[in-house]
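Worksheet: the structure to be examined is printed underneath.
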Amino acid sequence: MVDWEKLTLDRLEAEGLGSVIEPEVAAELAHHLESVCESWMSCGLSEEESVRRAWAEVPDWKRLARKIRFAKEGEERMKNRIKTLWFPGLAMTTVAMGLLSAAIQAGFQPRIIWLRHSISILFYVPWLAILPVVGALAAYWSRSQGGSVGVRLAAALFTVVTMATIFMLVMPVAVLFDRHVPWSSFTISWIACMVGWVVVPGAALLLGALPFLRGKSVQEKLRASAA
């Protein structure tokens, strides 16, 4: 009976890959090779020939190690991006939208700045006043999870980036279906929406995030001390 785990570990050591491939990955590879061998034996081939064909599944061990390493690094980057950007960004966006909804339901009236053609910019002052706290929490959360300065900034501005995306996608489509709206009026309305719902709220979020954009995260400090 072939001990595939031992054979695989020995082969990895012979190729100088023992320190590159983690034991659990080597075990999965050994299990795969064993399955291939058993498949060939079930087709009537001898054990020796089945083993030879199983080894042929990995023609280049160094290339396999690179693929595994790249896959692992990509997985780690994705996990890091989720915990440093998507979790804090989405959570704080939900909080910001919940606060806006609560302000509207509580009867707070927006401050209105009128432009030409009866187009206005709306400012919900109580909501804008609390957005620096939202931006600060998002940036702090991201930094505590090891986010870089750029990722912290993206997490803090996640709310307005989402709103800007909605405006850029939804409003032009709405105008295309409503031919009674002239493009000149649409342009002014779009600018008014971007100012009231993206630029000014973004400035408020950035104001709160600024103290947490300075300094290194805990992970960065550990890497620096280790170096």
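These numbers come from the heavy atoms of this one structure, side chains and all, not from hydrogens, waters or symmetry mates.
With a 4.5 Å cut-off on side-chain heavy atoms, Arg11 and Leu9 do not count as touching. The side-chain heavy atoms of Val200 and Leu128, taken from C-beta on, include a pair separated by under 4.5 Å. Looking at Glu57 and Leu33, their side chains come closer than 4.5 Å, going by heavy atoms from C-beta outward.
Note on Leu207: it does not cluster hydrophobically with Trp127, by side-chain heavy-atom contacts below 4.5 Å among ILVMFWY residues. Under the 4.5 Å side-chain heavy-atom criterion for grouping Ile, Leu, Val, Met, Phe, Trp and Tyr, Met97 is connected to Leu99 within one hydrophobic cluster. Residues Val125 and Met163 do not share a hydrophobic cluster, defined by chaining ILVMFWY side chains whose heavy atoms lie under 4.5 Å apart. When hydrophobic clusters are built by joining Ile, Leu, Val, Met, Phe, Trp and Tyr residues whose side-chain heavy atoms come closer than 4.5 Å, directly or via intermediates, Phe212 is not grouped with Phe87. Val199 and Leu131 are members of different hydrophobic clusters when ILVMFWY side chains are connected at heavy-atom separations under 4.5 Å.
Checking side-chain atoms of Arg152 against main-chain N and O of Ser142 turns up no donor-acceptor pair under 3.5 Å. At distances below 3.5 Å, at least one donor-acceptor pair connects side-chain atoms of Ser42 with backbone N or O atoms of Ser39.
Looking at residues two or more places apart in sequence or on another chain, you find a side chain to side chain contact (heavy atoms under 4.5 Å, CB included) between Leu153 and Leu157, Leu206, Leu213. Under the ring-ring contact (aromatic ring centres under 6.0 Å, His included) criterion, Trp4 pairs with Trp55, sequence neighbours left out. In this structure, the ring-ring contact (aromatic ring centres under 6.0 Å, His included) partners of Trp86, at least two apart in sequence or on a different chain, are Phe158.
Of all heavy-atom pairs between Ser50 and Leu45, the closest is OG-CB, 3.6 Å. Closest approach of Ala138 and Pro88 over heavy atoms only: O-CB, 3.9 Å. What you find for Gly135 and Ala156 is that their closest heavy atoms are O-CB, 3.7 Å. Nearest heavy atoms, Pro132 versus Ala129: CD-O, 3.4 Å. The two residues Gly202 and Val160 make their nearest non-hydrogen contact at N-CG1, 3.5 Å. Heavy atoms only, all atoms of each residue included: Asn80 and Thr84 are closest at O-OG1, 2.6 Å.
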Report task. Could you go through the side chain to side chain contact (heavy atoms under 4.5 Å, CB included) check for Val36 and Glu34 one step at a time? Result -> CA-CA 5 Å; Val36 173; Glu34 183 178 11; over 6 Å; no

Query raised in the report: Going through the distances and angles, do Glu49 and Arg53 end up as a salt bridge (Lys or Arg N to Asp or Glu O under 4.0 Å)?
Result: CA-CA 6 Å; Glu49 178 63 17; Arg53 295 197 178 195; 2.9 Å; yes

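Atoms CD and CD, from Glu28 and Glu5 in turn, are 11.0 Å apart once rounded to the nearest 0.5 Å. Put simply, SG on Cys37 and NE2 on His32 are 11.5 Å apart, with the number rounded to the nearest 0.5 Å. Between the CD atom in Gln109 and the CG atom in Leu122 there is a gap of 10.5 Å [rounded to 0.5 Å]. Distance CD1/Ile121 to SG/Cys193: 9.0 Å, rounded to 0.5 Å.
With Met92 as reference, Leu137 is the one residue of Val133, Leu137, Leu205 to meet the side-chain contact (heavy atoms from CB on, under 4.5 Å) rule.
Counting non-hydrogen atoms of neighbouring residues, nucleotides and ligands closer than 6.0 angstrom, the CZ atom of Phe123 exceeds 12 such neighbours.
A tilted orientation is assigned to the rings of Trp197 and Tyr124, their planes being inclined by 30° to 60°.
Under 4.0 Å is where a charged nitrogen must lie from a carboxylate oxygen, and between Arg52 and Glu48 no such pair does.
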